[in-house]
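Here the structure is a predicted model, which means the values were calculated and not measured.
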Amino acid sequence: MKSQEVRERFFRFFEARKHTVVPSAPMVVKDDPTLMFTNAGMNQFKEYFLGNRKPVSARVTDTQKCLRVSGKHNDLEEVGKDTYHHTMFEMLGNWSFGDYFKKEAIGWAWELLTEVFGIDRERLYVTYFEGAADDNLPEDGEAKTLWEAIVPADRVLPGNKNDNFWEMGEQGPCGPCSEIHIDIRTDEERKKVPGSALVNKDHPQVVEIWNLVFMEFNRKADGSLEKLPARHVDTGMGFERLCMVLQGVKSNYDTDVFTPIIREIEAVTTSKYGKDEKTDIAIRVVADHLRAVAFAIADGQLPSNTGAGYVIRRILRRAIRYGFTFLGQDEPFIYKLVDTLSSQMHHAFPEIKAQKNLVVNVIREEEQSFLKTLEQGLVLLDSIISNAKDHTISGSKAFELYDTYGFPIDLTALILGERGYALDEEGFRKELQKQKDRSRAATAVSTGDWVVLSEDDEEEFVGYDTLETRVRITRYRKVNSKKDGEMYQVVFNLTPFYPEGGGQVGDKGYIKAANGDVVYITDTRKENNLIIHLTKNLPRNTEGSFTAVVDANQRRRTSANHSATHLLHQALRVVLGEHVEQKGSSVHNNHLRFDFSHFSRMTQEELQQVEDFVNARIREQLPLEEHRNTPYQQALEAGAMALFGEKYGDTVRTVRFGESMELCGGTHVKNTGDIWHFIITGEGAVAAGIRRIEAITLDAAKEYFTSQAEIFGEVKAALRNTSDPVKAITALQEENSALKKQLEALMKDKAGNLKKELAGSFEHIGNVRFLATTVDLDTPAVKDLVFELGREHENLFVLLATEQQGKAVLTCYISKELASERDLNAGKVVRELGKYINGGGGGQPFFATAGGKRPEGIPEALEHARTFIASK
């Protein structure tokens, strides 16, 4: 059964049981600080489990893209070494939100696997939760009884809390679970050892394929459990493992989920899968990591040096390194595999086809960059080896290579082993742990439990219509972080404060009690559909009502910048072409940043056209046309633009200014005239195929014009208030150019005269013509002088020192034959002598320069040059 059919049969089965098929959420999580990536199918439904939002349908089914490479669920280092761990994988799931529970979930799971998919019942084992004394949880007798009614008792097995109590993190929804395992060993192997003895023992052919989680608890910050508002079903079936079973193979990588990619890797790298274990591991790593990186980029996460972007870069670099070491690939090659991936997966995930060009460009640039890093790392490793006092390389040196230059530690160990050197692995691990501890300390956040004052199903945002309203506090909790210190998170029954999202910063402001007490709101964020207000302190009395007031000036400026991004998006598509798509934005009260797909640097003319286009729309004073709670598909059909990587609900808000129409939850001006003026302040590259524009509007634009007018006034004053400052500056530039040419000619003449004088000042130290002195020339003239001396004299060592604008410069020239015969190196000489002038430098073996802040050290440097040559 082909993988595409497996998905379709799964969906049809649950559609027939009144489940709504929903699309996969993006892999990159944006509104849950406890998660970086979607690591389980339940992530996008967490707000339903917590009771923060009511689901549109009580029963849904889907296939969710998941990524497990950090935190509790981290399979990265296993990927490739075995045949069933993955970074990115699909999780097929069926969900009940307060509807059916254990009986239906267990019965349907068994029916689907054995009757629809036709899996041999004798090869299936099931587990149930055996209970946990530390949580005062009894055995899940209900699940056990339900299973024993359809499965022989010897294949119904108890499982401990680690295996059969599912938790997505240290806090949050959780509950007992029943896992379904399959034994795909041969009949002979099964006779020798029963499958029941290998369940949950990491056997590669006795594996879990489906987990039925019965969500009924919430893990609190203090570790205790409380009942959720309703009981839910959360199931997750590993799509790749299911395909392995249904296609009768022993490895996920032998299914048609992976074989097209593996065949393409073989073709691109001229390697063969199935012949050599090291090659096989490398091919599996590349095949798996390609999927993870490509889908992350398609979902809007570019590789970078921080956060989620760093994780994606790390995954890609692991694939590049395996290709480099074991597949002989010293040129980019992974980007060539994207076309095959897109052809294979676009039916289930259309975003991979829509974003294919971007994915290709980003991966190719990352490959080129890291391969250069590998080259540099190899040179540095050679240097470390050559300077090693014994045959062991310290952990700190290896960590420096890893941390500063991105050189993989396993590659370091491999090369050292090949050359007969050992690596101090324990020392490396200590250095790595220190770094992790520093990072953890810098980002650590401790979160207390919610103090619930009143139950409220869903907080209402009223900030589109008002900046001031009466509110009451429904819950609050204390949080503590290295960055912000001790803070409180407060939730209201309704709020005018816009929470950070869609690139727009959260509102600030205050709440005021009836007695006059004021508490300032320093930021507003969204977490699992809760709008959270951050404060340094709580009101003295949290009961009663408060007047909530948004900082109107910040909102006004931020709204102007947000509306400007919509007009900018439209302008870029008009000026550059329809290929332009938004790839990220950052909207603050004093500036905006807009990332977009485009293949080349924008010209000054294009930037001016974009700026003019936006300002024309501002002058037209286009009114805001806003529609809330529009069905998603209806909004798209009306022409609204959706952004890849964003998670949209069943109903959306559309924002329109003239011909610009987008899906957007942010705040906007009522009329484009409120933006006042739009100024582009910068344009540059973010990644391959991604450009960034920075701009200002409104008050920042006014301040810009004011400062420019002041600067212009100062320029005119410096030019003695000329009526044509441009003409005056041009005249000054022409005069300056003419004077420079005269100065260069004078310096050349001076150097020519000085050359004869210096030639008569050579000292003979052995057979070396030695000269170390100060000269009064500029740097270009000194360079010309030493090269002319070098052309006319053999065995020459020259060190000339100059003082320019309070700084010292040393210039060293060594005849090439002298450099090679006597092992002299001008670069090393100036680095050593640079110490005397509080500076440093470098260059080639025969010519180098050094600069420093201490001209009074020049005589010492010259004297030490004489001592150095004498010793040689």
Side-chain angles (χ1 to χ4, degrees), residues 376 379 383 736-872:
Q376 293 167 353
V379 172
S383 174
N736 187 49
S737 178
L739 289 170
K740 274 186 176 180
K741 287 178 182 177
Q742 290 178 30
L743 183 61
E744 285 171 7
L746 288 169
M747 282 292 180
K748 196 168 185 179
D749 288 344
K750 187 176 181 180
N753 295 329
L754 188 59
K755 182 180 70 172
K756 297 174 185 174
E757 181 183 330
L758 293 177
S761 304
F762 290 143
E763 292 182 47
H764 289 273
I765 302 177
N767 68 335
V768 175
R769 287 186 174 89
F770 174 82
L771 176 65
T773 188
T774 57
V775 293
D776 183 19
L777 295 172
D778 62 14
T779 302
V782 172
K783 182 177 179 181
D784 289 341
L785 174 60
V786 296
F787 274 93
E788 284 194 31
L789 287 170
R791 279 191 289 270
E792 297 176 8
H793 304 278
E794 294 181 347
N795 292 339
L796 195 63
F797 179 101
V798 175
L799 181 70
L800 298 184
T802 60
E803 183 177 345
Q804 299 171 16
Q805 298 175 340
K807 294 182 179 179
V809 178
L810 301 177
T811 300
C812 181
Y813 177 89
I814 303 175
S815 298
K816 289 186 178 180
E817 66 275 9
L818 193 62
S820 58
E821 289 174 11
R822 299 294 180 90
D823 191 27
L824 294 174
N825 185 301
K828 291 181 179 178
V829 169
V830 296
R831 275 195 293 275
E832 183 62 31
L833 298 180
K835 297 174 183 177
Y836 299 103
I837 57 170
N838 282 1
Q844 298 168 289
F846 60 91
F847 177 78
T849 61
K853 301 175 182 177
R854 185 172 173 267
E856 56 270 27
I858 286 176
E860 285 182 273
L862 298 177
E863 185 55 39
H864 276 83
R866 181 178 285 99
T867 305
F868 171 75
I869 287 298
S871 70
K872 284 288 182 178

Subject >> Side-chain touch L796/L818, heavy atoms, less than 4.5 angstrom >> reply: no
Original post:
Is it true that F847 and Y813 have ring centroids separated by less than 6.0 Å?
Top reply: no
**OP:** Please identify each residue that fulfils ring-ring contact (aromatic ring centres under 6.0 Å, His included) with F846, with sequence neighbours left out.
**Re:** none
Original post:
Should L785 and L758 be marked as a side-chain contact (heavy atoms from CB on, under 4.5 Å) after you check the CA-CA gap, both sets of side-chain angles, and the distance that decides it?
Top reply: CA-CA 10 Å; L785 174 60; L758 293 177; 3.7 Å; yes
Subject >> Stepwise side-chain contact (heavy atoms from CB on, under 4.5 Å) test for L789 and K755 >> reply: CA-CA 7 Å; L789 287 170; K755 182 180 70 172; 3.6 Å; yes
**OP:** Please test E860 against R854 for side-chain contact (heavy atoms from CB on, under 4.5 Å), starting from the C-alpha separation and ending with a verdict.
**Re:** CA-CA 11 Å; E860 285 182 273; R854 185 172 173 267; 3.5 Å; yes
Subject >> E794 atom CD, over 12 foreign heavy atoms within 6.0 Å >> reply: no
[X] versus [Y], closest heavy-atom pair with distance:
X: A826; Y: Q844; answer: CB-O, 3.5 Å
X: A865; Y: L833; answer: CB-CD1, 4.0 Å
X: P845; Y: I814; answer: O-CD1, 4.1 Å
X: L777; Y: T802; answer: O-CG2, 3.7 Å
X: G842; Y: R831; answer: CA-NH1, 3.9 Å
X: A801; Y: L862; answer: CB-CD2, 4.2 Å

Value rounded to 0.5 Å, distance of [atom1] in [X] from [atom2] in [Y]:
X: T811; Y: L799; atom1: OG1; atom2: CG; value: 8.0 Å
X: I765; Y: I869; atom1: CD1; atom2: CD1; value: 7.0 Å
X: E792; Y: K756; atom1: CD; atom2: NZ; value: 10.0 Å
X: L800; Y: I858; atom1: CG; atom2: CD1; value: 11.0 Å

**OP:** Could you name each residue pair satisfying ring pair (Phe, Tyr, Trp, His ring centres under 6.0 Å) that touches residues 740-768, not counting sequence neighbours?
**Re:** F762-H793
Subject >> salt bridge (charged side-chain N to carboxylate O under 4.0 Å, His left out) partners for D776, two or more places apart >> reply: K750
Original post:
Between T867 and E863, is there a donor-acceptor pair closer than 3.5 Å when you use the side chain of the first and the backbone of the second?
Top reply: yes
Subject >> Side-chain donor/acceptor of E817 to backbone N/O of N795, under 3.5 Å >> reply: yes
Original post:
Between L754 and E757, is a side-chain contact (heavy atoms from CB on, under 4.5 Å) present by the stated rule, with each step listed?
Top reply: CA-CA 5 Å; L754 188 59; E757 181 183 330; 3.9 Å; yes
